[in-house]
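Report on one structure; see the data block that follows.
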Amino acid sequence: MRTQNMNRDWIATARTLSEALPYLQRYSGAVVVVKFGGNAMGDADAMAEFARDIVLMKQVGMNPVVVHGGGPMINEMLTKLGIESKFIRGKRVTDQATVEVVEMVLTGLVNKRIVQAIMDEGGRAVGLSGKDDDLMVAEADDPELGFVGRPVEMNVQVLRDLYGAGIIPVVAPVATGMDMLETFNVNGDTAAGAIAGALKADRLLLLTDVAGVKDANGEVLTQLNPEQIRAMIADGTIAGGMIPKVETALKAIEEGVRAVVILDGRLPNASLLELFTEHGAGSIIRSTESRVKSRQD
């Protein structure tokens with residue numbers, strides 16, 4: 001006869017699953033847009049773990065939509081091809097040659113790697129870009145920067161069709177322009193925010209390489225509202241690369257997203273911790289903070 005000792009870790013795992021029940025019920029049918037990027041994209045184990053989390057989200061009844069970046073891979077390919085990058089005010093000028101490389105890397109290499117990772121974990125996924133079915137139509141954000149775009153029209157029915165059919169959409173942030181055969185590179189966070197806003201998503205998760213929005217003492221703030229964020233930008237507490245992220249969050253909330261979370265994508269199972277536990281995993285931003293009783297409301 002075989003005996004089994006009840007390991008404390010097993011018991012803790014069972015308790016965690018039991019405690020997740022109300023959150024599983026809460027998010028059943030919810031649309032969650034997840035922006036995937038940063039250093040995790042270049043690590044096979046991190047990619048597999050991210051894909052497993054996304055498949056689990058779909059398996060328990062959520063509708064995840066993945067939007068990704070790919071800056072390091074673009075830089076690597078430009079270097080290999082001998083295409084020199086020019087910068088204005090710290091931003092890359094995207095000329096015709098560069099935008100062709102961007103489209104090739106994002107829609108070909110990066111997008112299909114993520115699709116394959118999701119498939120390897122037992123999910124169903126389809127990769128597309130903002131150019132497919134005119135999902136994302138953009139115009140030049142700054143003429144000096146060339147083909148760097150800002151979304152001006154969103155047509156998200158193709159995403160609804162996919163997740164309604166049980167398929168996880170994986171979107172590369174490349175957009176069509178107003179002119180014939182015009183292509184724009186769109187910042188990954190910006191694209192994710194625009195897609196989340198058009199879908200009126202329940203959550204937008206911005207996975208980054210930092211723990212969240214920090215106060216003047218360097219402590220991560222777990223809950224914020226738009227008024228607090230604007231004040232922190234004005235006094236310099238929020239600065240640098242965090243400004244475009246919180247601005248994306250504010251715009252998404254204005255367009256109907258219930259809440260935006262900025263969290264550390266390097267943290268194991270970061271998305272699951274945020275969605276299925278009371279304490280969450282980053283800085284949640286929403287306009288109704290004063291009314292909510294729980295982080296997950």
Side-chain angles (χ1 to χ4, degrees), residues 19-37 50 53-54 56-58 60-67 151 154 156 159-160 163 169 171 187-208 210-215 219-233 237-238 242-265 267 269-297:
E19 291 173 350
L21 176 60
Y23 308 122
L24 296 173
Q25 294 169 326
R26 153 76 178 82
Y27 286 109
S28 179
V31 175
V32 177
V33 177
V34 184
K35 161 56 183 6
F36 181 49
F50 170 79
D53 289 353
I54 294 296
L56 189 150
M57 289 161 63
K58 187 66 176 177
V60 299
M62 300 173 66
N63 292 309
V65 175
V66 177
V67 182
M154 302 297 299
V156 293
L159 302 180
R160 296 191 182 102
Y163 64 65
V171 184
N187 175 272
D189 290 338
T190 301
I195 289 170
L199 289 170
K200 307 296 186 230
D202 193 281
R203 286 289 188 273
L204 168 60
L205 306 184
L206 299 176
L207 303 185
T208 73
V210 296
V213 181
K214 297 180 180 180
D215 64 16
E219 299 293 326
V220 174
L221 299 167
T222 57
Q223 298 199 42
L224 290 156
N225 61 40
E227 292 73 23
Q228 291 169 322
I229 286 176
R230 293 188 185 100
M232 292 171 69
I233 293 174
T237 302
I238 295 177
M242 185 56 69
I243 291 179
K245 293 185 184 300
V246 296
E247 287 179 341
T248 292
L250 295 181
K251 191 171 190 303
I253 290 170
E254 288 174 0
E255 293 177 354
V257 176
R258 188 181 178 100
V260 181
V261 186
I262 298 173
L263 65 162
D264 191 345
L267 187 68
N269 308 115
S271 297
L272 302 186
L273 284 170
E274 171 54 38
L275 295 169
F276 301 137
T277 67
E278 175 59 32
H279 52 75
S283 301
I284 188 167
I285 302 164
R286 55 186 163 198
S287 59
T288 57
E289 183 186 36
S290 59
R291 301 180 184 178
V292 298
K293 298 178 180 178
S294 165
R295 183 183 178 94
Q296 304 300 354
D297 286 343

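With a 4.5 Å cut-off on side-chain heavy atoms, Val34 and Ile54 count as touching. At least one side-chain heavy atom of Leu199 sits under 4.5 Å from a side-chain heavy atom of Val33. Within the 4.5 Å cutoff, side-chain heavy atoms of Leu250 are placed close to those of Arg230. The closest side-chain heavy-atom distance from Lys35 to Val66 is not below 4.5 Å. Two residues are said to be in side-chain contact when any heavy atoms from C-beta on lie closer than 4.5 Å; Phe50 and Leu207 meet this criterion. For the pair Val213/Val246, a side-chain contact is recorded, criterion being any heavy-atom separation below 4.5 Å from C-beta on.
In plain terms, the two heavy atoms of Leu159 and Pro169 that are nearest each other are CD2-CB, 3.7 Å. Residue Val257 comes nearest to Arg203 through the heavy atom pair CG1-C, 4.4 Å, listed as atom of the first residue, atom of the second, then distance. Of all heavy-atom pairs spanning Asp215 and Thr237, the tightest one is C-CG2, 3.6 Å. Nearest heavy atom pair, residue Gly29 against residue Asn63, reads O-ND2, 3.4 Å. Across all their heavy atoms, Ala281 and Glu274 have their closest contact at N-OE1, 3.0 Å.
Each of Asp189, Ile195, Ile285, Val260 was checked for a side-chain contact (heavy atoms from CB on, under 4.5 Å) with Leu204, and the lone residue meeting it is Val260.
Salt bridge present: Arg26 and Asp202 bring a charged side-chain N and a carboxylate O closer than 4.0 Å.
No donor-acceptor pair under 3.5 Å is formed between the side chain of Asn269 and the backbone N or O of Leu273. Using a distance-only test at 3.5 Å, with no hydrogens or angles considered, no donor-acceptor pair links the side chain of Ser283 to the main chain of Gly212. Distance alone, capped at 3.5 Å, is enough to place a donor-acceptor pair between the Lys200 side chain and the Glu255 backbone.
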